[in-house]
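Lettering follows sequence order; numbering is per chain, from 1.
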Number of protein chains: 2
Amino acid sequence: MQTILVIDDDESLRDTIAILLEREGFRTVQAADGKQGLDQALIAKPDLILVDLRLPLISGVDLCKRLRNSGVATPIIVLSAVCDELDKVLLLEIGADDYVVKPFGTRELLARIRAVLRRSGVESHKLTAFAGVEVDLERRVISRNGEAIKFTPAEYNLLTYFLQNPDRVLSRDMILNSVWGYESFPNTRTVDAHVVRLRQKLEPDPNCPRHFLTVHRVGYRFLP
Amino acid sequence: MQTILVIDDDESLRDTIAILLEREGFRTVQAADGKQGLDQALIAKPDLILVDLRLPLISGVDLCKRLRNSGVATPIIVLSAVCDELDKVLLLEIGADDYVVKPFGTRELLARIRAVLRRSGVESHKLTAFAGVEVDLERRVISRNGEAIKFTPAEYNLLTYFLQNPDRVLSRDMILNSVWGYESFPNTRTVDAHVVRLRQKLEPDPNCPRHFLTVHRVGYRFLP
DNA sequence: ATCGAATTGTAAAAGAGTTGTGAAATCTGA
DNA sequence: TCAGATTTCACAACTCTTTTACAATTCGAT
């Protein structure tokens, strides 16, 4: 769960934003002035900071500067009541990632938060299975040499199971239990059928598998 | 020359604003109630609308909703006598661009009008969903090749959710939670029904979707 | 080495489940 | 009450999964 720090001296706006964010599954921390904000930014270690430009004690601009100077890389979105005071160049210089002009729509705010989080987040949830083949768990996309390959749900589940258990001998029963669950009871041959399809889609030469190996009389083994 | 429609039941206030605006080089059109206002908004095609919240016949809130629902993207500034009745989030959800609390200074009003006009002009808040289709989050207007398309609230919400989560696999449950909220429990087929309508309205060929893709046994994925 | 029983590879058929969609039922706000 | 929006339903169309059948392979015992 991601935490967002909201720094604004307008309590009702803070609450509105907090409710909105919590409804969307974020955790929120609030601060009413720049000093509190700075403290919370360091203590609560939020994933993103929403900060008003005009703040008591320490202004939003100073807050950004100080955070950046202490090596805090948390993404920051600046809120501002006045369009004109938003010197975009300045904002970027002090290390803000985006800005929103008040009054703003909830959807706009959410969209910007998501965009910034996505940009700043650990760029990509990509996982390299083996030479040329990548699996993007978040997007549920599998690609070879950059080109997406279509997988059915069962194939996808089986592949990710192999990925999570590389280099181990996996019996058909283990595979059935882990991938198909305890509530369905397919034939063990089902596993074979799916492995065949994984090989056809992913092995450079499906006739001579180098990654999805058979372990005779036991099951299979995945070698990255 | 830019035209501004002023909707307020207080005739002397209307006149004051009109004189002020005309002195600044705007053309003005007036309306005394919500019904007239709606008519004028459609007939006079103003560049901006100033509207009081409390109006005879049709309230300011309804007026906004109706305009946005009929695909009118004209920027709207809401006037209100009471600060408290200004639920800012609500205002933005119904598609207002800014608000001014009565009594207001002429300088403030002019500044806000200019700011809104500037924003709505060049730096529009339009977001390109995909080829030919634009979504204006701020005004809740969706258009294809410049022509507005009517969307019901549920359709609009679903679309913006897709827009905010491009290229990700979204399960029906995720969609229900995010778009419908935790308090209603519609059937998962409801999602399908709405996706169908999005496709009918937005896909070049609804029979062969290129943007609203099905992820079998999981949900959907939006591809810009 | 060779045989044969067991195991695995594989295409294709059969089966199960999912999605698309129009229409009906239900809900909701004016 | 009515109109529009939303949700549910029913069934067709479709995709995916599982099974099946048979060929190919493995491997231990002759």
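- Counted by atom type alone, S143(B) and N145(B) present zero donor-acceptor pairs between their side chains at under 3.5 Å.
- Side-chain N/O atoms of T152(B) include one lying less than 4.0 angstrom from OP1 or OP2 on dT6(D).
- Each of G219(A) and P206(B) was assigned the nucleotide of DNA chain C with the nearest heavy atom; the assignment lying further toward the 5' end belongs to G219(A).
- A donor-acceptor contact under 3.5 angstrom links the side chains of T3(B) and R27(B), judged on distance only.
- Residue side chain R197(B) does not reach the base of dG20(C) through any donor-acceptor N/O pair under 3.5 Å, judged by distance alone.
- Relative to the side chain of H216(B), the nucleotides dT21(C), dT18(C), dT8(C) differ in distance, and dT18(C) lies closest.
- In summary, E134(B) and R144(B) do not engage in a salt bridge, as defined by a charged side-chain N under 4.0 Å from a carboxylate O.
- Donor-acceptor pairing under 3.5 Å, judged by distance alone, is absent between the side chain of R172(A) and the base of dT8(C).
- The CG atom of L198(B) sits 12 Å away from the P atom of dT21(C) (whole-angstrom rounding).
- Within the structure, every side-chain polar atom (N or O) of R189(A) is placed at least 4.0 Å from both OP1 and OP2 of dT18(D).
- Closest contact between the side chain of H194(B) and the listed nucleotides dT21(C), dT6(D), dA21(D) involves dT6(D).
- As judged by a 4.0 angstrom heavy-atom cut-off over every strand, V191(B) is placed among residues making no nucleic acid contact.
- No salt bridge links R14(B) with D9(B); every basic N to acidic carboxylate O contact stays at or beyond 4.0 Å.
- Look at N187(A) and you won't find any side-chain N or O under 4.0 angstrom from OP1 or OP2 of dT17(D).
- Nearest nucleotide to the W180(B) side chain, out of dA10(D), dT10(C), dT7(D): dT7(D).
- At least one side-chain nitrogen or oxygen of Y220(B) sits closer than 4.0 Å to the OP1 or OP2 atom of dG20(C).
- Atom CG in N207(A) sits about 18 Å away from atom P in dA23(D), given to the nearest Å.
- Picking from dT18(D), dG9(C), dT7(D) the nucleotide with the shortest atom distance to the side chain of T190(A) gives dT18(D).
- In this structure, of dT17(D), dT18(D), dT21(C), it is dT18(D) that holds the atom nearest to the side chain of A193(A).
- A donor and an acceptor atom, one from each side chain of R140(A) and T160(A), are nowhere located under 3.5 Å apart.
- Across all strands, T214(A) comes closer than 4.0 Å only to sugar-phosphate atoms, never to a base (heavy-atom distances).
- Between R217(A) and dT7(C) there is a side-chain N or O to OP1 or OP2 distance below 4.0 Å.
- Side-chain atoms of D192(A) lie closest to dG9(C) of the nucleotides dT6(D), dG20(C), dG9(C).
- At whole-Å resolution of the value, NZ in K35(B) and C1' in dA30(C) are 14 Å apart.
- Residue L176(B) contributes atom CG, which lies 10 Å from atom P of dT8(D) at whole-angstrom precision.
- Taking atom CZ of R66(B) as the reference point, atom C1' of dG4(D) lies 12 Å away to the nearest angstrom.
- In this structure, R168(A) forms no cation-pi arrangement with F222(A), as its terminal cationic atom is not both closer than 6.0 Å to the ring centre and no more than 45° off the ring axis.
- In this structure, the CZ atom of F212(A) is 17 Å from the C1' atom of dT8(C), given to the nearest Å.
- Y156(B) places its OH atom 19 Å from the C1' atom of dT6(D), with the value rounded to the nearest Å.
- Taking atom CZ of residue R199(A) and atom C1' of nucleotide dA24(D), one finds them 13 Å apart after rounding to whole Å.
- Listed nucleotides dG9(C), dT7(D), dA10(D) differ in distance to P186(B); the shortest reach to its side chain belongs to dT7(D).
- Within the structure, every side-chain polar atom (N or O) of Q200(B) is placed at least 4.0 Å from both OP1 and OP2 of dT21(C).
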